[in-house]
Amino acid sequence: MLMIRHAIGSRLFLQTEDYTITPEGERWLITAGAKQEELDNLLAFKEELNLFVVGENEKTWYYSSDAEVEKTDTGNIQIIADHKTIYPV
């Protein structure tokens, strides 16, 4: 499950199982399905997002230092993360 939260206050913007994460060198391309209201919030707060992938035995935190967040032509959200930390759960 992918959760995208506001870095300040931890407001949940998106929670979905509809996502992909593609490694690209030292960065990760994260794409997820989102409704229009979710897209609007993610774009409005793109400089303040924390992304978490929650697995059975670990939680992975992703962050985009340069706020590389955009809406794709297919209406998904796309984020390029340059930070990744894995925590055991």
Side-chain angles (χ1 to χ4, degrees):
M1 167 187 353
L2 171 69
M3 295 187 303
I4 304 178
R5 295 185 170 275
H6 189 219
I8 304 165
S10 198
R11 176 180 165 197
L12 181 64
F13 289 126
L14 178 67
Q15 180 173 322
T16 185
E17 295 286 348
D18 178 21
Y19 70 94
T20 60
I21 299 175
T22 306
E24 294 188 345
E26 295 183 17
R27 300 171 3 145
W28 298 267
L29 176 63
I30 302 167
T31 305
K35 297 175 185 168
Q36 188 61 49
E37 181 180 351
E38 295 165 333
L39 288 167
D40 292 343
N41 283 328
L42 292 167
L43 293 170
F45 293 96
K46 68 182 183 178
E47 295 180 9
E48 303 168 358
L49 299 178
N50 285 322
L51 295 84
F52 299 95
V53 175
V54 181
E56 192 170 317
N57 298 315
E58 66 185 25
K59 180 192 289 187
T60 305
W61 171 50
Y62 293 92
Y63 182 78
S64 178
S65 297
D66 297 324
E68 294 186 61
V69 180
E70 62 185 37
K71 179 180 174 182
T72 68
D73 293 338
T74 58
N76 293 328
I77 195 73
Q78 182 174 308
I79 301 168
I80 298 175
D82 60 345
H83 177 86
K84 174 182 175 181
T85 304
I86 299 173
Y87 301 95
V89 187

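Any value given below was found using the heavy atoms of this structure, including those in side chains, with hydrogens, waters and symmetry copies removed.
The side chain to side chain contact (heavy atoms under 4.5 Å, CB included) search around D40 returns Q36, not counting sequence neighbours. Residues satisfying the side chain to side chain contact (heavy atoms under 4.5 Å, CB included) test with E58, not counting sequence neighbours, are T60, I86.
Each of I79, I21, N50 was checked for a side-chain contact (heavy atoms from CB on, under 4.5 Å) with Y62, and the lone residue meeting it is I21.
Two residues are said to be in side-chain contact when any heavy atoms from C-beta on lie closer than 4.5 Å; L2 and V53 meet this criterion. For the pair I77/I30, no side-chain contact is recorded, criterion being any heavy-atom separation below 4.5 Å from C-beta on.
Residue pairs satisfying the side-chain hydrogen bond (donor to acceptor under 3.5 Å, both in side chains) criterion with at least one member in residues 5-25, sequence neighbours excluded, are listed as follows: H6-E48.
Judged by distance alone, the side chain of S64 and the main-chain N or O of I80 form a donor-acceptor pair under 3.5 Å.
Taking hydrophobic clusters as Ile, Leu, Val, Met, Phe, Trp and Tyr residues chained together by side-chain heavy-atom distances below 4.5 Å, M3 does not share a cluster with L14. Cluster annotation: L12 and L51 are assigned to distinct hydrophobic clusters (Ile/Leu/Val/Met/Phe/Trp/Tyr, side-chain heavy-atom contacts under 4.5 Å, transitive). The hydrophobic clustering, which links ILVMFWY residues whose side-chain heavy atoms are closer than 4.5 Å, places Y87 and Y63 together. Under the 4.5 Å side-chain heavy-atom criterion for grouping Ile, Leu, Val, Met, Phe, Trp and Tyr, F52 is not connected to I4 through any hydrophobic cluster.
For the residue pair G75 and L39, the shortest heavy atom distance occurs at O-CD1, 3.3 Å. Here the closest heavy-atom approach between residue V54 and residue K59 is recorded as CG2-CG, 4.3 Å.
To the nearest 0.5 Å, atoms CD (E70) and CG (N76) are separated by 11.5 Å.
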